[in-house]
Every structure is written in structure tokens, then in C-alpha cells.
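This report concerns only the one structure given below.
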Amino acid sequence: MTKDLLDKASKAYFEGSPFLSDEEFDALAEKEGYERVGYNPDAKQQHLFPLYSLQKVFEGEDTPPVYKSKVIETPKLDGAAIAVQYKKGKLFKVITRGDGTAGVDVTDKFMFSDLIPKQFHSGLEFKDWGIMQITGEIVAPKEIPNARNYAAGALNLKDINEFRNRNLTFIAYSVEPTISSYYKTDMSSLLYEGFNVVTCDQSNNWNEFPNDGKVIRVDSNLEYDMLGYTSHHPRGAYALKTREEGIETTLLDVIWQTGKSGKVTPVAILDPIEIDDAIISRATLNNIAYIKSLNLEIGCRVKVIRAGKIIPRVIERVSGNMEKNNT
């Protein structure tokens, strides 16, 4: 049951309509040992180079990898990943992340927008290479409600004009084959070509967009390649995250709420608690499958967070039934 829920949540995430927060997904995935990344789209277009996920390292819990050479720290932007293919310096194809090996072709949306350069304009040698893949994130300003959904959902739009009118930005974080001996130099080359790049400087650290941690990557491309890959992630980079601890309270009741769209969802009624200076007495429970996955029952103790500092969510059952504990 939980694996099916995580499969559906993973598919929904990469389609731009997630129903679990990152914290909820991570909590369930860790509990179940779930490691699948992405999903197989119906319309498959192969990536030139695989799009791997990143190993998650939680501060204060895990021991991060140790590298021989300098590392580069960048924000882990929370949007929708795409792979942009160039042939002999000209834009050829844009593909959604999909399952990391293949995704959906969305080239038409980018041919008529200014999100990415249509061709390289410099005299750099790499513009004459046969093929090149530049991977990055489509993001939206975090003041937009559900900014990640807004950005990812744009890739599913049928109307190109509607896509062009969305407040979107593409920020590159990878180029393959590599251009130079160092990652930061590669990003500087892309910046010179007109791309936004994830490497931060004093003038721009991309704080205007949602992020869910930091990416730590070895700067030496030689060391990065020598470290190789697992079946899921590169060994030369990882995502550094801080786990929200959650505040304990008691689940008093569950009610069913009808939204504006007519969708009926369960809502937890909680013994009031304070999180980030707000009094929380209700929290989303997503659906019945999520309730069963956490083995929730009236009277049990639960942990609650405010996902994105906004939406209260139950992420974990802490103990058994309250009445049983009092006996």
C-alpha cells in the first residue's frame, strides 16, 4: 500500500501536481526503504546523458562524503528539471526529467520563449562539438503560491502563449560533456553564453526562488568522473538538507473537507500547538492511503510541521493510542 502511494506521489511530483510535501515523501520513503526516482512517461524521448538524483545527507544525522579537492556549494532549487540538447551549438531538443533516462519532449514551448539561448554566440570551442546536454531547473518566484507546482505544471500546458506568459526562469546546473577541468569554470562558460547558472556570487544567490537545501559538488571534473555513480546518484555530489523535527501533539479527530474543486480530503484535528509563532490545530492528511501508511488512529501522538513554513502537515506517528498509554 505505501509503495503504491509513493509511486503515485513520485509520478505526480514529476508531472507538476504533487500531493505530498517533500517532508512527507521523505518520511514515508525512509520508513519503507523506497529508492525509486522519477517515473516512465508515456511519450519517451531519450536524454543524451542520464539525469541522476542526489544522495540526501541530513545535517546532524548523516556523515557526508569526504572529497580530496575543493567543493562548490550551490542552492538546491525546487522546481522542475529539464535537459536541453544542443547540436553544433544550436538548440535541438528540450526534454522533461521523466525517469532520468527518458522524458517528454517539450521543445515547442522553448522555441518561442526567451528562457534559454537558441544557439551559442561565443567563439568557444565547445560550441562546435556534435552534441551537448545542459541540465537545469525551471523555477518560479517563491511569492507565487505553490511555486514549484506553478513551474512544473507549466511544462504540461498545451497553450504555448500561456507558457510564455508564466513567470518562469531556467537556471542551469550541469553541462555534459564537461567543457573544462573544473565545474565552476563550466558554469562560467554557460553564463557567458547567456544562461543563468546555479553557482552563486555576491550579486545573486537565487534566494528569490524556492529551494530545499544545498548541493555540495566536487569542483574537479576529473575527480567527479573517477568517483563514478551508484544506480541512483553520483558519488561526487550530494544534497545537504536540514530535517524539520516536527512538534508533537495528539490527533483528536479526522474530518473530511470539500475543496473548491469538489475534491474531498481528510483533515487532522489536533490538540493545538505553536509552530513558528502560529497556533496550529488542523493539518492536511492528503488521502486515506496516507493515513493508512502512517498507521494513524484517533488519540495517537503525531509529529507536525509547517511545510515551506506555511502548510501544517502530519509527517509521523510517534506513539500508540492516548487512552492505552494512560492505562
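Atoms considered below: every heavy atom in the structure, side chains included; atoms not considered: hydrogens, waters and symmetry mates. Keep in mind that what you see is a predicted model, and the values were worked out from it rather than measured.
Counting non-hydrogen atoms of neighbouring residues, nucleotides and ligands closer than 6.0 angstrom, the CE atom of M111 exceeds 12 such neighbours. Other residues, nucleotides and ligands contribute only 12 or fewer heavy atoms inside 6.0 Å of the CG atom of D114. Within 6.0 Å of atom OH in Y224, more than 12 heavy atoms from other residues, nucleotides or ligands are found, so the atom counts as buried in its surroundings.
Annotation: the span from L48 atom CG to I131 atom CD1 amounts to 5.0 Å, rounded to 0.5 Å. To the nearest 0.5 angstrom, L285 atom CG is 6.5 Å from L296 atom CG. Rounded to the nearest 0.5 angstrom, I138 CD1 and I82 CD1 are separated by 4.0 Å.
A donor atom on one side chain and an acceptor atom on the other are not found under 3.5 Å apart for R313 and T284. No hydrogens or angles considered: a donor-acceptor pair under 3.5 Å links the side chains of D186 and S180.
Residues Y86 and I95 do not share a hydrophobic cluster, clusters being chains of Ile/Leu/Val/Met/Phe/Trp/Tyr side chains in contact below 4.5 Å.
With respect to the salt-bridge test (charged N to carboxylate O, under 4.0 angstrom), the residues K214 and E73 qualify. Ion pairing of D212 with K76 is present here, as a side-chain N (NZ or NE/NH1/NH2) and a carboxylate O approach within less than 4.0 Å.
Taking the six-membered ring where the residue is Trp, Y52 and Y229 present parallel rings, their angle staying beneath 30° rather than reaching 60°.
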side-chain hydrogen bond (donor to acceptor under 3.5 Å, both in side chains) between T249 and D271: does it pass, once the steps are laid out? CA-CA 6 Å; T249 188; D271 191 11; 4.5 Å; no

Please test T265 against Q257 for side-chain hydrogen bond (donor to acceptor under 3.5 Å, both in side chains), starting from the C-alpha separation and ending with a verdict. CA-CA 5 Å; T265 55; Q257 179 176 283; 5.0 Å; no

Assess whether side-chain hydrogen bond (donor to acceptor under 3.5 Å, both in side chains) is satisfied between T250 and R301, documenting all intermediate values. CA-CA 5 Å; T250 301; R301 298 286 290 177; 2.9 Å; yes

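Geometrically, R164 does not engage F112 in a cation-pi contact, judged by NZ or CZ lying under 6.0 Å from the ring centre and within 45° of the ring axis.
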